[in-house]
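This report concerns only the one structure given below.
No experiment lies behind these values; they were computed from the predicted model shown. In each ligand, atom 1 is the first atom listed, and ligand 1 is the first ligand listed.
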Amino acid sequence: MTDTSKMRRTEIADILKNPSIGEEVLVKGWVRAFRNNRFVALNDGSSFNNLQVVLDSDNMNQEILKSVSFHACIAVTGKLVESTGSGQTVEIQAEQVEILGANNLDEYPLQPKKQTMEFLRENAQFRMRTNTFSAVFRIRHAVAFAVNKYFHDKGFYYMHTPIVTGSDAEGAGEMFRVTTLDPKNAPTDENGSVDFKEDFFGKATNLTVSGQLQAEIGALSMGKVYTFGPTFRAENSNTSRHLAEFWMIEPEVAFADIYDDMDLAEDFCKYLINYILVNYPDDLAFLDKRIQDLEKNMKAELRRPMSLIETLKFVVENDFERITYTEAINLLRNSKPFKKKKFKFPVEWGVDLSSEHERWLVEKKFKKPVIVHDYPKDVKSFYMRMNDDDKTVAAMDVLFPGIGEVIGGSQREERLDYLKKRMNEMNIHEDELSWYLDLRKFGGTPHSGFGLGFERMILFITGMSNIRDVIPFPRTPGNAEF
Ligand code: 4AD
Ligand code: MG
């Protein structure tokens with residue numbers, strides 16, 4: 001027998017990709033399933049697929065055999081042989097099994113059966129060991145990689161914008177305060193308010209809601225930049241689409257108008273989806289089948305109109321619909337649900353679109369992604385460029401089936417007088433953003449950008465239904481475990 005103590009571990013992905021039949025190998029991983037006291041499905045995370053390990057259960061150490069259980073961590077040495085069973089082409093005939101980490105199933109929260117998503121969320125220290133979550137997080141990794149690849153290949157620079165900031169990019173006031181002051185004993189100013197001059201940074205600071213304003217600094221000197229980092233919003237939205245801490249990708253491009261911005265957004269979305277279709281077919285096939293199993297007993301109208309993979313291909317292969325906000329309102333007011341008073345929120349020119357309206361446009365009317373542009377100025381942020389009608393701004397939202405808004409973006413107001421006027425109207429102090437105004441005073445130019453909600457894109461690609469299940473450790477109102 002080979003001296004296995006000196007052997008190097010081989011990763012399961014490498015074995016499955018390029019099996020050297022007849023060779024002795026050492027593999028390590030977690031037991032995903034154990035059948036007939038003989039067949040172990042071993043997974044080390046390197047691939048969606050498991051390696052089948054065949055145990056000679058009659059002739060092996062019975063104490064060790066007893067410890068080969070669901071999610072135990074084991075090391076196996078043995079010979080790679082062609083598999084006669086269905087489902088795999090290669091398997092390993094175990095000669096030696098070592099228990100690296102036994103699993104006490106009597107106390108282990110997960111059991112080898114279907115678990116609810118809520119239960120797995122509460123046990124996030126273990127959920128990545130399941131097929132579903134390891135597929136989701138492998139895809140999350142791959143999309144992050146594809147984001148950087150896309151922009152690098154196009155000549156964008158990755159820019160790191162601050163997490164702690166003194167400015168509110170969206171002007172929506174939904175920020176988490178960052179302070180080292182003692183809440184019981186905070187210094188006060190002459191009006192009795194907390195005196196943040198005494199605070200760590202000498203001013204009031206928050207966690208950022210967006211890196212856009214700083215990215216504009218980058219674009220107006222380096223041409224094309226993007227940020228990709230965590231952002232924080234203290235909005236009390238307990239929905240399956242909102243997180244208090246989420247990751248956002250924000251490209252910012254000099255010399256680009258709103259139409260260039262829409263082109264970039266559409267191309268970028270298609271690239272990310274296609275990257276996963278091409279490179280992660282096994283993970284996608286599993287997630288697709290998972291949804292079909294879940295939907296088996298559902299009413300037809302609740303099921304997805306297309307399978308997950310068909311939906312992803314459809315988005316990659318077809319143009320997104322582009323309509324103005326005004327057209328969207330007209331379509332909505334002529335829709336069946338509007339006439340039958342089925343919408344909860346009002347539909348009239350001037351109000352923001354609600355998720356029910358967005359989903360009607362995408363899922364019922366156009367049955368494809370829709371970009372809505374030129375929104376009323378009052379429902380959008382101060383930095384968006386005023387259109388000639390003086391009522392709408394050059395904003396655009398990309399809406400996806402099943403999700404709603406995945407991207408929000410705009411052409412930025414490059415004209416100093418217009419920008420100052422909007423800031424005054426919206427009570428944003430000029431002295432707080434003097435550096436931002438400087439970009440208009442000294443060598444400014446038209447420029448545009450957008451923000452893609454990373455988790456919303458992962459939701460779409462994986463077909464998961466709750467945003468809490470596509471980020472390893474979700475932060476939502478009342479929840480910051482781990
Ligand atoms: O539309 P938003 O608020 O746009 C901005 O922050 C701009 N500064 C972006 C830019 O132009 N550079 O957010 C952008 C995207 C949304 O379309 C949505 O996908 C996602 O971020 N998002 C959230 N995702 C998860 N949880 C939340 N609470 C989110 N809020 C926004
Ligand atoms: Mg938005």
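A 4.5 Å side-chain heavy-atom check between Arg385 and Tyr418 finds every atom pair outside the cut-off. Taking 4.5 Å as the limit, every side-chain heavy atom of Met175 sits out of range of all side-chain heavy atoms of Leu207.
With Tyr226 as reference, Phe151 is the one residue of Tyr157, Phe268, Tyr150, Phe151 to meet the ring-ring contact (aromatic ring centres under 6.0 Å, His included) rule.
The protein atom (non-hydrogen) at minimum distance from atom 15 (C) of ligand 1 is Gly451 O, 3.6 Å. The protein non-hydrogen atom at the shortest distance from atom 20 (C) of ligand 1 is Gly453 CA, 3.6 Å. Annotation: atom 22 (N) of ligand 1 to nearest protein heavy atom, Phe246 CE1, 3.4 Å. Looking only at protein heavy atoms, the nearest one to atom 26 (N) of ligand 1 is Leu243 N, 3.0 Å. Looking from atom 7 (C) of ligand 1 to the surrounding protein, the closest heavy atom is Glu170 OE2, 3.3 Å. Glu250 OE2, 2.7 Å is the protein heavy atom nearest to atom 12 (N) of ligand 1. Nearest protein heavy-atom neighbour of atom 19 (O) of ligand 1: Val406 O, 2.8 Å.
For ligand 1, the atoms sitting less than 4.0 Å from at least one non-hydrogen atom of Arg241 are 25 (C), 26 (N), numbered in the order shown with element in parentheses. Every atom of ligand 1 is numbered from 1 in the order shown, and the set under 4.0 Å from a heavy atom of Arg412 is 10 (C), 11 (O), 12 (N). With ligand atoms numbered from 1 in the order given, ligand 1 contributes 7 (C), 8 (N) to contacts under 4.0 Å with heavy atoms of Tyr383. Close contacts of ligand 1 with Phe450, meaning ligand atoms under 4.0 Å from a residue heavy atom, involve 9 (C), 10 (C), 11 (O), 12 (N).
The shortest N or O to N or O distance between Met248 and ligand 1 is not under 3.5 Å. Residue Glu405 has at least one nitrogen or oxygen atom sitting less than 3.5 Å from a nitrogen or oxygen atom of ligand 1, judged on distance alone.
Under a 4.0 Å N-O distance rule, the pair Glu266/Arg322 qualifies as a salt bridge. Remark: Lys421 engages Glu425 in a salt bridge, criterion side-chain N to carboxylate O under 4.0 Å. With salt bridges taken as basic N to acidic carboxylate O contacts below 4.0 Å, one links Glu455 and Arg140. Electrostatic pairing of Glu216 and Arg440 counts as a salt bridge here, judged by a charged N lying under 4.0 Å from a carboxylate O. With salt bridges taken as basic N to acidic carboxylate O contacts below 4.0 Å, none links Asp374 and Lys391.
With a 4.0 Å heavy-atom cut-off, ligand 1 is reached by no atom of Phe232. The proximity of Arg456 to ligand 1, defined as any non-hydrogen pair under 4.0 Å, is limited to the side chain.
For the atom pair Leu437 CG and Phe442 CZ, the distance stands at 10.0 Å (nearest 0.5 Å).
Stacking of Lys380 on the aromatic ring of Tyr375 is recorded, both the 6.0 Å distance cut-off and the 45° axial limit being met.
When the options Arg233, Glu235, Gln411 are ranked by their closest heavy atom to atom 3 (O) of ligand 1, first place goes to Arg233.
Remark: the backbone N or O of Asn236 is not paired with any side-chain donor or acceptor of His242 at under 3.5 angstrom.
No more than 12 heavy atoms of other residues, nucleotides or ligands shown are found within 6.0 angstrom of NZ on Lys313.
Nearby protein atoms of type N, O or S around the Mg ion (ligand 2) amount to 1 (distance under 2.8 Å).
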